Structures are given as C-alpha cells and as structure tokens.
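Below you'll find the structure, written out as structure tokens, and then a few comments.
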Amino acid sequence: MIGPVFEPAIATARAEAPNWLRPKIDVAAITLAATPIPNRKSEHWKYAPLTGLALPDLQAASGPADVEPAPDLAACSIVVTRQGLQFSGSGSGQLPPGIDIRPFADLSEDEAARVLDLMGEAAKDRSGLIATLSDATLGLGYWIDIADNAAIDKPLHLIWQDNGAWLSVRLLVTAGRHSRANIIEHFSTVSSVASQQHSVTELFLSAGANLDYCRLNIHRNTEVFLGGVFAKLSRDATLNAFAYAAGAKSCRNEWGLTFAEEGAHAELNGVYLPTGREVVDFHTTLEHAAAHCTSEETFRGIIGDKANAVFNGRIHIHPNAQKTVAQLSNKNLLTSDQAQVNTKPELEIYANDVQCAHGATVAQINDEAIHYCRTRGIAETVAAQLIGVGFVVSLFDRIAYEPLREWLSEQAKQRCLTLVAGNTSE
Amino acid sequence: MANEHINEVIEREYTPGFTTNIESDTLPPGLDESVIRTISARKEEPQWLLEWRLDAYRRWLEMTPPEWAQVKYPPIDHNAISYFSMPKSMADKPKSLDEVDPELLATYEKLGIPLHEQAMLAGVAVDAVFDSVSVATTFRENLAEAGVIFCSISEAAREYPELVKQYLGSVVPKTDNYYAALNSAVYSDGSFVYIPKGVRCPMELSTYFRINESNTGQFERTLIIAAEGSHVSYLEGCTAPMRDENQLHAAVVELIALDDAEIKYSTVQNWYPGDAEGKGGIYNFVTKRGVAHHRAKISWTQVETGSAVTWKYPSCVLKGDDSIGEFYSVALTHNHQQADTGTKMIHLGRNTKSTIISKGISAGQSSNAYRGLVRMSPRAVGARNYTQCDSLLIGDRCAAHTFPYIESKQPTAVIEHEATTSKVSDDQLYLCQQRGIDPEKAVSMIVNGFCKEVFKELPMEFAMEAGKLLEVSLEGSVG
Amino acid sequence: MLSIKELRASVEEKTILQGLSLNIAPGEVHAIMGPNGAGKSTLGHVLAGRPGYEVLSGSVAFEDQDLLAMETEERAQAGLFLAFQYPVEIPGVSNMEFLKASVDAVRDSNNLEPLDSVTFMKRAREACKAVNLSIDFLKRGVNEGFSGGEKKRNELMQMMLLEPKLCILDETDSGLDIDALQVVAAGVNAMRSADRSFIVVTHYQRLLDYIQPDFVHVLAGGKIVRSGGKELALELESKGYAWLDGAA
Ligand SMILES: Nc1ncnc2c1ncn2[C@@H]1O[C@H](COP(=O)(O)OP(=O)(O)O)[C@@H](O)[C@H]1O
Ligand SMILES: [Mg+2]
C-alpha cells in the first residue's frame with residue numbers, strides 16, 4: 001500500500017492545515033492506506049511504476065546549493081515558499097488589478113467553503129492517485145481568483161520553492177467570465193539532496209474566459225516530481241496550455257481537460273527532453289463532454305542516453321459531444337541506443353458526428369538532414385542540435401508571451417546540445 | 001437522414017443460422033480431468049499429449065479471465081458447457097466421403113462449401129470441422145503429391161507425432177492467457193498443415209468451422225508449419241446456428257514460418273452475432289500468433305462481421321532478420337456486438353518490417369475497439385512499422401475506440417501510427433442520390449470503399465464473399 | 001583546383017565509379033552529361049563526402065589537399081559546394097538560421113568573425129532576390145514544403161551566400177521552366193570568376209546555351225568516355241547516348 005510511504009508527510013499536512021481542510025486530508029489518507037503502490041501491472045503506471053518510491057527526509061533543510069535563479073520574464077514574478085509570497089524580478093512588485101492570490105490559511109469561512117467545493121472537481125482523472133496524494137499531503141495551498149472581465153496582460157509567474165527536500169502544493173485558479181490572464185507555474189530543484197515535489201493545479205474557466213497556462217518542470221536528476229493539471233472549461237472558454245519537462249530523475253504529470261459546456265476550445269502543447277536516466281511521463285486525458293468543442297494536442301520529445309519517455313494521450317468523446325473536433329499528435333526522436341519511448345495515443349468515441357484523429361511517430365534524427373547540413377560546412381553535432389531544436393521549436397512558437405517563448409527556446413537549445421551529444425550530467 | 005437509410009441496410013438476415021438435425025454424441029456439460037482424459041482417448045492421442053493437456057488444465061485452474069479488453073459479458077460458467085460433441089455417424093471414422101452422413105454433406109452444401117468431388121471448389125482444399133470433429137478434408141491426394149500435409153490436427157497427432165510434439169504450443173505457450181490455456185486443455189479439432197522445404201502449396205487451403213450442437217463450446221486448434229522457402233495461403237470461415245444462448249469459441253492458431261517461408265492466413269469470421277436485442281451469439285475468444293524466421297513473411301487478413309463478443313489479436317513475432325509481418329483487418333459490429341481486436345507486432349530481428357491496416361465499422365449500439373502493440377526491441381536495428389487505424393461510425397449510439405501501444409528501445413527503428421474517425425455523412429449520401437444511386441447502395445459503396453485496402457489482400461474467392469457479407473451485415477443500418 | 005585520378009567508388013557494395021579521372025583548373029566550367037544511372041550524382045556525393053559512399057581506390061586533390069581524407073563539413077568549409085539533385089527537407093529549422101550556421105561555420109574555419117545579423121540579412125535578401133525567391137522563404141523550414149523549382153533555387157541561393165571555390169550543380173536545371181532556368185544560369189554566370197570553378201551536371205544541352213562550358217564530358221558506366229568542347233553537347237543532343245556505347 002502506498003499510504004505508509006507518505007505517513008510523515010500526511011502527519012505534517014494534518015498538523016499544519018487549517019481546520020476546514022483536515023477532513024479532506026483524512027479521507028485521502030484513508031484512501032491511500034488502501035491503495036496499492038502502482039507497479040508494472042498497473043495499466044496507467046506500467047512504463048514508469050512507483051515501486052521503490054521513498055519519501056525524502058522532510059526535515060532535511062539542505063539549503064539552496066548553487067540554485068540557478070529563476071529567469072526574469074518581465075512578468076509579475078512571485079516566489080512562493082513556506083514563508084509566504086515574495087515578489088521578484090523586474091516586474092512591478094505588485095499584483096495587477098483584477099487578480100488575487102491567497103493562501104488557503106487566510107481564507108474566510110465562505111471562501112474556504114467555496115474552495116473546498118472546487119477542490120477535486122476538475123481532478124477527476126483516471127487513476128485518481130495524483131489528486132489523492134495531493135489531498136493527503138497538502139502543504140502550500142493557494143487560490144488565484146481572476147475577476148470577471150479582467151484583462152490582464154502581464155503574466156503571473158509563480159515560482160514554487162522550498163528550501164527543504166519536500167514540497168507539496170495545491171493551486172486553484174478560478175478565471176471569471178470573459179476574463180483574460182496568463183499564468184506560468186515554475187517548478188525547479190533547489191535542494192542538493194534527493195527531493196520530491198507534488199503539485200496539483202486545478203483551473204476553472206468560466207464562460208468566455210481565456211487563460212494561458214504554462215507548466216515548467218526544470219529539475220535536477222535528484223528530483224522526483226508527481227503532479228497534475230486539471231481544467232474544467234465552461235461555455236466558449238479557451239485554454240492555451242503548455243508543458244515543458246526536463247531534468248528530473250522522474251517527472252510525471254497528468255493532464256485532464258474537461259470540456260463541460262459547448263463552444264470551449266483548448267490547445268495543449270508539450271515538449272520533453274529527458275536524458276541520463278531520467279523518466280518523463282505524461283498522461284493526458286481530454287474529456288469531451290459537450291458538443292461543439294475543439295481541442296488540439298501536440299507533444300514532442302527528444303530522448304537521449306538511457307532516458308525513458310512515456311506518453312499516454314487519451315481523447316474521450318462522450319455520447320452527446322457531437323461536432324467535436326479533436327486532434328492529437330505525439331512525435332519522438334531517440335538519440336541513443338539505450339533510450340526508450342512508450343507512447344499510446346487513445347481514442348474512445350461514443351458520438352458519430354465528430355472529427356478525431358491521432359498520430360504518433362518514433363524515429364531518430366534523419367541522417368540525410370545531418371548530411372545536408374555537413375555539406376554546408378556545419379559540424380555534425382551542431383547539425384544534430386539544429387535539427388533537434390527544429391523538431392520541437394514549432395511548439396514553442398505557439399506560446400503567445402514572447403519573453404517566455406524566447407527563454408524556453410533557449411533552454412531547449414542548450415538541452416538539445418547535451419541530448420544529441422549523448423553525454424549527460426551523470 | 002443518413003442514419004435512417006443506414007438502419008434499413010443493417011437489419012440483416014443471418015442466412016447460416018439454420019440447425020442441422022442429426023444425432024450427436026455429446027459429453028455432458030462440465031469440466032474436470034476425466035473430461036480431458038475422455039477427449040484424449042476418443043482421439044486416440046499419445047500419452048504425452050494427454051499429459052500436456054492435463055498440465056494446461058491444472059494451470060488454467062489457477063488463472064483468471066482477462067479483464068482489460070473493452071468488452072462486457074457475464075461470467076462464463078465453464079461447467080455449463082459441453083466440451084465435446086460429434087455427429088454419431090462420425091464414430092466409426094468414415095474412410096471416404098461416400099461414408100459420410102449425407103445430412104452433414106448437405107449442411108456444407110447449404111453453406112456454400114460443397115465437399116463432393118464433382119462440386120468441390122476448384123483450387124481450394126477444404127477441411128470441414130463440425131462441432132468437435134473434422135468431417136472431411138478434400139484434395140488430400142493432390143496435396144500429398146506435392147508433399148503437403150493437410151489434415152485434421154487429431155489425425156496429425158497420430159500420424160505425425162514428432163512434428164506436432166515439436167511445434168504444438170511453441171508459439172502460443174499453454175499458459176499464454178486464460179483462453180489459450182483452456183483451449184490447450186480441451187481442444188477438440190482443427191487443421192494441421194505442413195509445407196515442406198521450397199514447396200509452393202499448389203492450392204489454397206481452407207478450413208470451415210461449424211458449430212451446430214447447442215450448449216457446446218468449440219475449441220479448435222490450428223497449426224501451420226511452413227518449412228524453409230515454402231509458401232502457403234490458408235483461409236478459414238466460420239458460422240453457427242441462431243440461438244438465444246451464448247456459445248463459447250476459444251481457438252488457438254499457431255503459425256511457424258521458417259527461413260524465407262511465407263504464410264498468408266485469411267479469416268472470414270461470421271459466427272452468429274446474436275439478435276437485435278443482443279440476445280445470443282458466439283463469444284469468440286481467440287489467440288492467433290505466428291513466428292517469422294529470417295526473411296519469412298506472415299500476413300494476417302481478417303474480416304470480422306460475426307460473434308457477439310470478439311477478443312482476438314492475430315500477432316507476429318518477427319524473430320528473424322528481414323522478416324515481415326502484416327495485419328489487415330475489417331471489423332464490423334452492429335446491434336449489441338462488441339469487438340476488441342487488433343494485433344501485436346513484436347520486432348526482434350534486424351530490418352524487420354510490419355504493416356497494420358485496421359478498419360473498424362460500428363453501427364447500432366455496438367462497440368468496436370482496435371487494440372495493438374508495436375514493440376521494437378533493442379536488437380531491431382533498422383526496423384519499421386506503419387499503422388493506419390480508421391473507424392467509421394454509423395449512427396449515434398455506437399462506440400469506436402483505438403488503443404495502440406507503441407514501445408521502442410531502438411533508435412534506428414521507425415514507427416508511424418495514424419488513426420482517424422469518420423462517418424457516412426449526409427452530404428455523401430446526398431451526392432450519391434443526386435447521381436441516382438439509392439441510399440442503401442450508396443452506404444454499402446461507401447463502406448466498401450472504406451475497406452478496400454483490406455479486401456484487396458483477401459484471396460479472390462473470399463474478397464467477393466467478404467464484400468457481400470458486409471452488404472448483408474449492413475442491411476438496415478441506414479435508419 | 002580539382003584533380004581526380006582513377007577514382008573507383010561503390011554504394012551498397014555496388015561499384016559505380018570505375019576509374020574516373022578529371023582535372024579542373026581555376027575559373028573553368030566543366031559540363032558533365034550522361035545517361036541516367038551513369039554515376040553523375042554519385043561523383044558529386046563522393047566529392048562532397050556522403051556517408052555510405054565508399055572510395056575503393058584513386059585519389060582526389062582539392063587545392064593541394066587530400067579531399068578524401070577530409071570530413072564532409074571540412075570539405076564545405078574548404079570551399080566545395082554541392083547543389084543537390086534532390087535537396088533535403090529539414091522541418092522546423094528555418095532557412096535563415098540554417099544559412100547563418102552554415103556561413104558562420106565556413107567563415108570560422110577561415111578565421112573570419114561571424115557576420116553580424118544586419119550584414120547577414122542584407123546578403124541573404126540579395127541572394128534571394130538574385131534567384132527570384134521571395135524573402136519569406138528565409139523564415140520557412142529548410143526546403144520544407146518547397147516546390148521542386150523552389151528547392152533548386154534555394155540551393156543556388158545558398159551557393160551565392162557561401163561563395164565557394166568549387167561549385168557542383170547536380171541537375172539544378174531539371175524540373176525548371178525556361179524562366180527559372182535563365183535565373184539559374186544568370187546566377188551562375190554572375191558568380192563566374194577567375195578563381196572559381198564549376199561542375200555542371202545536366203541532362204539537357206539547353207542549360208549550356210545559357211552557361212557556356214569550357215569543357216563537356218560524357219560520363220557512362222562510371223567513367224568519362226568522351227571529352228570535348230561545347231560542340232560535344234550538341235552532338236549528344238542530336239544523336240543521344242547510344243552511339244557512345246562502343247566507346248564505353
Ligand atoms: N544509395 C544508393 N544505394 C544503392 N544504389 C545507388 C545509390 N545511389 C545510387 N545508386 C546506384 O548507382 C548508380 C548511379 O546512380 P547515380 O549516380 O544517381 O546516376 P546519375 O546521377 O548519373 O543518374 C545507379 O545504378 C543507382 O541505382
Ligand atoms: Mg543524378
């Protein structure tokens with residue numbers, strides 16, 4: 001059972017949580033106590049099981065070693081730690097009007113009731129384990145509320161940090177009717193010892209809301225990350241989501257987007273660049289529960305050295321979701337003999353008047369293209385890097401916010417160099 | 001509009017649904033070791049085969065039915081089924097067709113498979129299996145001249161024990177899965193084929209399976225061995241009477257293509273699918289797998305229109321370098337039929353190639369799933385796979401699913417997978433009508449067009465039949 | 001400039017070049033013609049250093065360097081350029097980024113500073129203009145979704161930017177209409193100079209109406225079976241290759 005593994009984290013969560021949260025923690029803890037540790041036989045964990053997972057020392061305050069400072073994206077940057085919020089970077093140092101961010105501990109009774117109501121509402125994922133883990137171990141809980149009709153140009157750049165080896169965060173975003181906003185969640189490794197992070201984010205988009213959301217997982221190979229992003233889209237809401245993952249020892253993200261009302265649209269793009277012995281695991285589910293919704297999902301990855309990439313992309317069209325248009329594509333490049341990829345695009349369709357398609361490819365960097373570059377004087381590794389970046393760059397182009405796009409492309413470029421060169425951080 | 005017409009096309013008549021009234025010798029329902037001993041004794045099997053069966057049975061007892069497939073059916077009571085049934089007239093092993101009960105021959109005649117010399121299908125040798133026994137095998141002498149062995153597997157166990165012993169269970173181990181284990185314990189009859197080195201089998205080989213007796217299960221077992229450089233094309237067909245009860249058919253097919261050999265295996269599966277309310281029909285739980293050695297080729301083609309529940313994944317283990325695996329499938333489900341079918345391509349050798357073309361058509365309230373695995377092992381340097389899975393939905397109460405598992409541990413391997421869904425659109429029907437084509441004809445044209453890539457892989461005689469089969473199957477589906 | 005001696009080379013264990021010799025002095029334009037499958041493209045690939053093409057014997061000197069001992073990119077950096085018969089598509093890598101990487105690599109090997117972006121862009125635009133290619137092509141992926149003619153012009157555009165010493169054009173004229181052909185010819189002619197040489201592989205004598213060769217060679221069966229002046233091209237045009245069989 002997985003419960004005992006997290007015993008100390010659950011105890012800490014209980015001790016630190018506000019009163020109104022405790023029952024939720026207890027329920028989750030009971031569920032975990034009866035939940036087996038996912039192994040190779042568990043359908044949703046078979047390629048990256050959790051067997052052998054151990055909790056790091058919660059007290060280990062290893063201190064930031066040589067932490068790379070979070071980039072300055074000219075956004076409203078906020079570093080969130082157990083001590084609270086701290087504005088950083090060249091941003092204005094204050095929240096733009098129309099957006100509010102509050103720790104769970106500071107909520108009024110009414111607000112707490114609302115949050116409690118929403119928690120888990122979008123996170124009805126298939127395995128349920130990620131959300132349950134988050135409920136049971138909840139450490140930092142925050143609620144971002146975007147007012148109706150708010151039009152916020154400056155992105156909110158949330159940098160989650162803890163100077164210990166353990167972090168469990170929960171973020172709830174309610175985007176008001178016809179609001180527009182951009183949120184970047186940024187996870188990195190600050191600990192110099194083995195560490196673990198849990199994060200569940202739930203996005204609630206009211207009618208006509210338009211949200212850009214980016215989740216950055218840029219870790220070191222001592223980190224185990226388990227998290228998920230779950231969104232519920234109301235009528236005519238639009239979500240533009242992006243995921244980037246590289247560096248962690250193991251990084252699992254579940255995405256669950258539910259199209260709850262007609263006319264909603266979501267784009268979900270992702271790039272993963274694992275190397276060394278890293279495991280990157282994306283499980284995405286698009287629940288098309290209403291008619292006339294559209295979705296477009298594209299994930300691409302380059303997998304080097306002994307890394308393992310897992311991608312499971314499910315499109316589920318409910319019986320009444322007529323006129324849905326849903327596309328999914330997953331492309332992979334393997335750059336080493338010992339790298340592996342396991343991909344499974346799934347369609348489950350219960351409505352006939354829909355257009356659904358998915359595609360998946362696995363290959364290596366095209367020899368012809370490398371040769372062509374070399375005849376133009378470009379050295380082989382540079383050529384491979386160029387082509388590798390070219391393979392993923394079209395996805396970055398879909399990030400609307402330029403400073404993020406530029407910075408991330410540069411990150412990917414550096415990463416591609418190690419990926420194609422085959423040497424690693426190990 | 002489209003739906004109205006489609007239903008008209010699909011309300012089908014199941015023409016092979018008649019029952020043959022003959023006296024049968026049927027074991028009482030129930031399964032234990034004594035049943036297995038009886039089956040083995042009736043077939044005068046060697047001792048090792050009995051032991052093999054008993055071992056499979058004991059292991060089966062420890063196993064549980066697979067639950068991962070996208071199909072729902074009530075638990076099967078294995079003690080309510082009879083595991084052996086044969087026409088009484090077959091008891092004294094007729095030596096020639098003249099000695100076979102005319103009623104049996106008439107049955108095949110009616111199914112379009114004449115077994116008489118005069119009427120035999122030219123160029124196709126047929127092994128006719130009726131419930132648990134093989135009734136007759138045609139053209140045996142002609143085949144023997146070429147050195148080809150084509151007989152029932154029971155006969156093979158007596159006549160060619162070394163071959164059977166060497167290969168039986170070598171591709172599908174007895175404990176491969178729940179139904180394969182059950183089959184290994186109780187298999188009754190089926191076909192055995194051996195093509196010697198360098199021989200191109202002079203005619204199509206074919207087995208026609210018929211379930212007749214009620215309350216019985218059919219557990220056929222087929223073993224095809226193509227020796228080095230040989231070539232064979234084999235096809236199977238199957239039907240059963242219309243009954244309210246569900247009947248179990250759990251078959252195992254093993255193919256061995258040695259170096260440079262080629263096996264083409266085609267299936268036209270038309271077991272009774274149950275009625276419009278989902279009552280009755282065959283549970284078709286089948287394990288089919290082939291091993292391809294160096295430069296060998298195994299090609300599966302299937303047209304699945306029958307059965308209440310289908311659970312079937314004809315697979316290729318591409319063991320030898322440069323070996324080739326192919327899977328072409330049309331699966332049509334209607335009313336309350338459920339199909340979970342697909343393939344596995346296991347690439348072990350270098351430069352192995354596989355192609356998967358799957359066409360699923362769902363109508364009525366049926367559910368149709370493609371489930372596939374493409375695996376590139378670390379050794380599969382330069383291997384390639386191409387997969388295309390298309391679903392056609394007819395009506396708004398059916399379901400179509402695609403579950404492709406893609407695993408690669410070899411950077412030089414290239415895998416491409418594509419899947420799409422479509423429907424028969426009002427616009428398409430309108431266009432056809434405007435050009436004077438009636439809607440029923442239009443639907444079957446569109447469906448046939450959708451399946452074209454697969455039909456062209458079938459041997460000629462069967463391609464026509466398959467096209468017609470879809471037409472009847474779709475009867476009344478416009479609506 | 002280039003001296004090929006008794007070159008024998010194979011692809012996939014099939015010997016294609018069977019003892020080919022050719023000398024090219026600075027400033028010369030050599031046309032190579034010959035039937036399909038003669039080995040013309042193979043010659044280009046062996047000179048450019050394509051993996052899988054194995055040199056069995058013979059030697060190639062390029063400006064007193066042993067060409068065959070050099071890596072593919074070193075040959076390019078030393079000034080050898082091959083315009084591909086079938087240019088390769090590289091999705092996602094923009095033409096501009098690719099060209100900059102290429103120009104900088106070539107400059108770097110000659111101990112030159114990388115071009116600043118402004119100068120580079122200016123030159124790239126000029127090159128596009130010279131081959132009648134819209135500058136929008138600079139933003140698109142390398143040859144990605146280009147038509148046959150656009151690919152050929154893109155090759156020429158790269159050649160202009162890189163200013164190589166030896167240009168090998170492998171059927172750059174195939175698939176071009178007469179206007180595009182003239183653009184290509186004008187581009188080549190503009191680049192002709194006393195220290196730059198060309199090997200022009202072509203199927204059709206019509207290109208040679210626009211690019212006047214100093215020599216014409218016929219390649220057949222992996223060897224040069226005839227050499228002559230430009231009148232040889234006319235002879236080939238009227239008689240075809242069959243009459244050469246005896247000579248081969
Ligand atoms: N990559 C290759 N693999 C195998 N054979 C090749 C390859 N490239 C070229 N050849 C063969 O080499 C011969 C010469 O080809 P090529 O040089 O392209 O001729 P040309 O350009 O004169 O038409 C042909 O017979 C061709 O089939
Ligand atoms: Mg050529």
Side-chain angles (χ1 to χ4, degrees), chain A residues 269-273 298-302 329-333 335 359 361-399 405-406 408-410 412-417 419-421, chain C residues 44-53 70-110 139-144 151 154-155 157-159 161-164 167-168 170:
Chain A
N269 297 304
V271 169
Y272 43 92
L273 304 170
T298 311
F299 273 76
R300 290 195 181 186
I302 307 176
S329 156
N330 173 235
K331 295 190 174 182
N332 299 278
L333 287 184
T335 62
T361 61
V362 183
Q364 65 177 352
I365 288 180
N366 183 340
D367 288 343
E368 293 256 311
I370 298 240
H371 169 65
Y372 188 71
C373 290
R374 293 179 71 196
T375 66
R376 299 298 179 255
I378 303 168
E380 188 164 352
T381 49
V382 180
Q385 183 197 19
L386 259 181
I387 297 164
V389 174
F391 179 69
V392 292
V393 78
S394 59
L395 295 189
F396 294 126
D397 288 346
R398 300 189 195 175
I399 298 175
R405 181 173 68 233
E406 300 282 305
L408 208 50
S409 308
E410 191 51 39
K413 209 165 177 172
Q414 295 311 318
R415 190 77 183 163
C416 279
L417 195 59
L419 273 166
V420 297
Chain C
H45 289 313
V46 169
L47 295 178
R50 186 187 181 114
Y53 286 68
M70 294 158 75
E71 293 291 337
T72 306
E73 58 267 34
E74 289 169 356
R75 301 182 195 193
Q77 290 159 6
L80 183 146
F81 182 92
L82 171 67
F84 284 46
Q85 183 177 1
Y86 304 108
V88 180
E89 297 193 13
I90 313 181
V93 177
S94 81
N95 229 346
M96 191 145 56
E97 162 184 27
F98 172 73
L99 284 169
K100 181 97 169 61
S102 167
V103 169
D104 288 349
V106 172
R107 289 179 66 90
D108 183 58
S109 74
N110 294 310
K139 290 190 208 130
R140 288 173 52 180
V142 179
N143 294 320
E144 191 180 356
K151 283 182 182 168
N154 197 33
E155 293 291 283
M157 193 260 283
Q158 295 175 33
M159 184 171 96
L161 266 180
L162 289 173
E163 302 179 324
C167 307
I168 306 168
D170 190 356

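Nothing here was measured: the structure is a model prediction, and the numbers come from that model. The sequence lines fix the lettering, A, B, ..., with proteins before strands; numbering per chain opens at 1.
Interface residue C:R50: backbone and side-chain heavy atoms are both found under 4.5 Å from chain A. Of the two parts of C:N143, only the side chain, counted from C-beta on, holds a non-hydrogen atom closer than 4.5 Å to a non-hydrogen atom of chain A. For chain A, no part of C:L99 is nearby; none of its heavy atoms comes within less than 4.5 Å. Contacts between A:T375 and chain C at a heavy-atom distance below 4.5 Å involve backbone atoms as well as side-chain atoms. Heavy-atom distances place the side chain of C:V142, and not its backbone, under 4.5 Å from chain A.
Using a 4.5 Å heavy-atom cut-off against chain C, the contacting residues of residues 382-389 of chain A are A:L386, A:I387.
Sorted by first and then second residue, the ring pair (Phe, Tyr, Trp, His ring centres under 6.0 Å) pairs with a member in residues 367-390 of chain A read A:H371-C:F84, A:Y372-C:F84, A:Y372-C:F98; sequence neighbours excluded.
Of the possible donor and acceptor atoms, none in the side chain of A:R374 sits under 3.5 Å from a partner among the backbone N and O of C:G49. In this structure, A:E368 contributes its side chain and C:V88 its backbone to no donor-acceptor pair below 3.5 Å.
Within the 4.5 Å cutoff, side-chain heavy atoms of C:I90 are placed close to those of A:C373.
Atoms CZ and CG, from A:R376 and C:L82 in turn, are 6.5 Å apart once rounded to the nearest 0.5 Å.
Counting heavy-atom pairs under 4.5 Å between each of C:A105, C:S102, C:S109, C:G141 and chain A puts C:S102 at the top. Each of A:S394, A:G377, A:A379 has some count of heavy-atom pairs under 4.5 Å with chain C, and the biggest count is that of A:G377.
The number of heavy-atom neighbours closer than 6.0 Å to NZ of C:K100, taken from other residues, nucleotides and ligands shown, is above 12.
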